Number of protein chains: 2
Amino acid sequence: MFKILVVEDERDIQDVVAYNLQQAGYEVLTAGRGDEGLRLAKSQRPDLVLLDVMLPGLSGKEVCQEIRRDPALAGMIIIMVSAKGEEIDRVIGFEVGADDYVPKPFSMRELLLRVQSAFRRTTARPTPAPPAEVTFEFGVLRVDVAAHRAWVQGREIELTALEFKLLVTLHDRKNRVQRRDTLLSDVWGVSMDVTTRTVDTHVKRLREKLGDAGVYVETVRGVGYRFSDTPESAVPQSEEG
Amino acid sequence: MFKILVVEDERDIQDVVAYNLQQAGYEVLTAGRGDEGLRLAKSQRPDLVLLDVMLPGLSGKEVCQEIRRDPALAGMIIIMVSAKGEEIDRVIGFEVGADDYVPKPFSMRELLLRVQSAFRRTTARPTPAPPAEVTFEFGVLRVDVAAHRAWVQGREIELTALEFKLLVTLHDRKNRVQRRDTLLSDVWGVSMDVTTRTVDTHVKRLREKLGDAGVYVETVRGVGYRFSDTPESAVPQSEEG
DNA sequence: CGCAGTCGTTACGGTTTTGTCGCACTTCGC
DNA sequence: GCGAAGTGCGACAAAACCGTAACGACTGCG
């Protein structure tokens, strides 16, 4: 069973979130302070950390960075951002290394979907997590997820945060079709109201920057997109069985 | 969005329940018979099944057991129990593998609460991804459902979304005849107003692309089509009579 | 404040997909 | 054999789909 650490200082929110996660079958740890959360993360190695930004002791941003600094902590991080009209930019989340974010206020249903989506991406990795796939490469493409860098034929290409996340998400479930709405919820987030056509645009931009490696991102007409390591357009000869 | 299948023979109840669930934002399928409900459950894979106990064709109990027998169907089941029975009914619901029950008569508010509660629990399942039959193959045909790709004799063939769905649907109940209207509701969907002759056209196109594997799709004159792994035309031993 | 970068949306157009129709052909009862 | 019903098949027009470019909103930066 998956272990989730909730770091949130507002007691009401902490209670509700913890209760619902437990009801949903997760093992839940809670912390009310940033430093306490970091300590628990290091000692308990949760699969997922739900992290508030405004925290006493240590800010969520700092906690996030500290967690990411420790290579032994391979779990995912979802940041809960107060939608107080300030810099709620998802970029903030990405900059410090979070995998996703949830704008406050959120419904439990929304949060559960996000949590589920996060675990879906990691394809059911048990608690004794081997070091996550921080880099992957094949053919002319090489991607360092942790460093947020990508190369094509040895030449580094510059991807925006969105493009990078789209690439990683596609690769996470390579050789499987991913529908547009699935990509939207995984890359953009559930509460984002963006049209599915937006996916197309970003796929196009991604392909553009990928250049020769663009063939890996395949269109499955009427369904979605698929990251394939055996692109049809690049396999002239049949495979053996 | 969550998909709910309502299996209920009383038309009034079916209408009210379906309408309210739709109003609540769910995708709703309906069936008036037990066997029809089971078929829809298998083909549409709803996240939740609302199941009446007293049903023509196949009792709710049997439907429930059949659903639970299929490991590919991971959705939840709520049984709607006629209160004119005794508390026995309540126990029955759990015995046959239902996740919850609602005593009749119930208010929509009550039912909606129960449904929401079910989804809270269901979202828990870290493995909602059905380990369904993602690939199947026999003879010269190989199909990767997740990747949405198909091969005949090692050579990849390009199927449209509809053709692919038709192929998978046929294969889902291989060696069994599927009538045209059945295929229409399973592949095209219930609200589609399409002629049954359309099925013929697409079967023809599918056969064409399948090439040597086209023999698997057999015509059952006056009824529909059948996906057979032992095609008549491929059986050398034949005795004319 | 202008500039550059990012991103979501919109519109356009080519291509593919798809539902329907008419007709030829097969199958079956007689 | 003959007729009727059922099915295969080719063609066609409408609709859907998707790549692409362009635009505007927004943000960070100098």
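What you see is a predicted model, and the numbers here were worked out from it, not measured in a lab. Every chain is numbered from 1, with letters handed out A, B, ... down the list of sequences.
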Is there a side-chain contact between Trp188(B) and the phosphate of dT18(C), meaning an N or O under 4.0 Å from OP1 or OP2?
no
Return the value, rounded to whole Å, for the distance between atom [atom1] of [X] and atom [atom2] of [N].
{"X": "Glu218(B)", "N": "dT7(D)", "atom1": "CD", "atom2": "P", "result": "14 Å"}
{"X": "Glu163(A)", "N": "dC7(C)", "atom1": "CD", "atom2": "C1'", "result": "9 Å"}
{"X": "Lys209(A)", "N": "dC7(C)", "atom1": "NZ", "atom2": "C1'", "result": "11 Å"}
{"X": "Phe164(A)", "N": "dC7(C)", "atom1": "CZ", "atom2": "C1'", "result": "18 Å"}
{"X": "Lys165(A)", "N": "dG8(C)", "atom1": "NZ", "atom2": "C1'", "result": "17 Å"}
{"X": "Leu206(B)", "N": "dG19(C)", "atom1": "CG", "atom2": "C1'", "result": "17 Å"}
{"X": "Leu159(B)", "N": "dT17(C)", "atom1": "CG", "atom2": "C1'", "result": "13 Å"}

N/O donor-acceptor pair under 3.5 Å between Gln44(B) side chain and Ala41(B) backbone
no
Is it true that a side-chain atom of Ser43(B) and a backbone atom of Arg39(B) form a donor plus acceptor pair closer than 3.5 Å?
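Present.
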Working to the nearest 0.5 angstrom, can you tell me the gap between Leu40(B) CG and Thr30(B) OG1?
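Reported value, rounded in 0.5 Å steps: 8.0 Å.
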To the nearest 0.5 Å, what is the distance between CD on Glu36(B) and OG1 on Thr182(B)?
9.0 Å
With His171(A) as reference, evaluate Tyr216(A), Tyr225(A), Phe227(A) under the ring-ring contact (aromatic ring centres under 6.0 Å, His included) test and give the passing residue.
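In the set Tyr216(A), Tyr225(A), Phe227(A), the residue that makes a ring-ring contact (aromatic ring centres under 6.0 Å, His included) with His171(A) is Phe227(A).
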Compute the bend angle of the helix from dC1(C)-dG30(D) to dC30(C)-dG1(D) from the end axes (five pairs per end), rounded to 10°.
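End-to-end axis angle: 30°.
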Encode nucleotides 9-19 of chain D as B, S and - characters from 5' to 3', where the letter depends on protein heavy atoms closer than 4.0 Å: B to the base, S only to sugar-phosphate, - to neither.
SSB-----BBB
Could you tell me whether Asp200(A) and Arg180(A) make a salt bridge, using a distance below 4.0 angstrom between a side-chain N and a carboxylate O?
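Between Arg180(A) and Asp200(A) there is a salt bridge, with a charged N closer than 4.0 Å to a carboxylate O.
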Out of the candidates Arg142(A), Arg149(A), Lys209(A), only one should pair with Glu156(A) under the salt bridge (charged side-chain N to carboxylate O under 4.0 Å, His left out) rule; please name it.
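Of the listed residues Arg142(A), Arg149(A), Lys209(A), the salt bridge (charged side-chain N to carboxylate O under 4.0 Å, His left out) partner of Glu156(A) is Arg149(A).
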Please tell me which of Thr198(A) and Thr196(B) maps to the more 5' nucleotide of DNA chain C, matching each residue to the nucleotide holding its nearest heavy atom.
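Closer to the 5' end of DNA chain C: Thr198(A).
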Please tell me whether Arg207(A) and Thr219(A) have a donor and an acceptor in their side chains that are separated by less than 3.5 angstrom.
yes
Is Thr160(B) touching bases, backbone alone, or none of the nucleic acid, heavy atoms closer than 4.0 Å?
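Sugar-phosphate: the residue Thr160(B), judged by heavy atoms under 4.0 Å, touches backbone atoms but no base.
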Would you call Leu210(B) and Ile157(B) a side-chain contact if the rule is heavy atoms closer than 4.5 Å?
yes
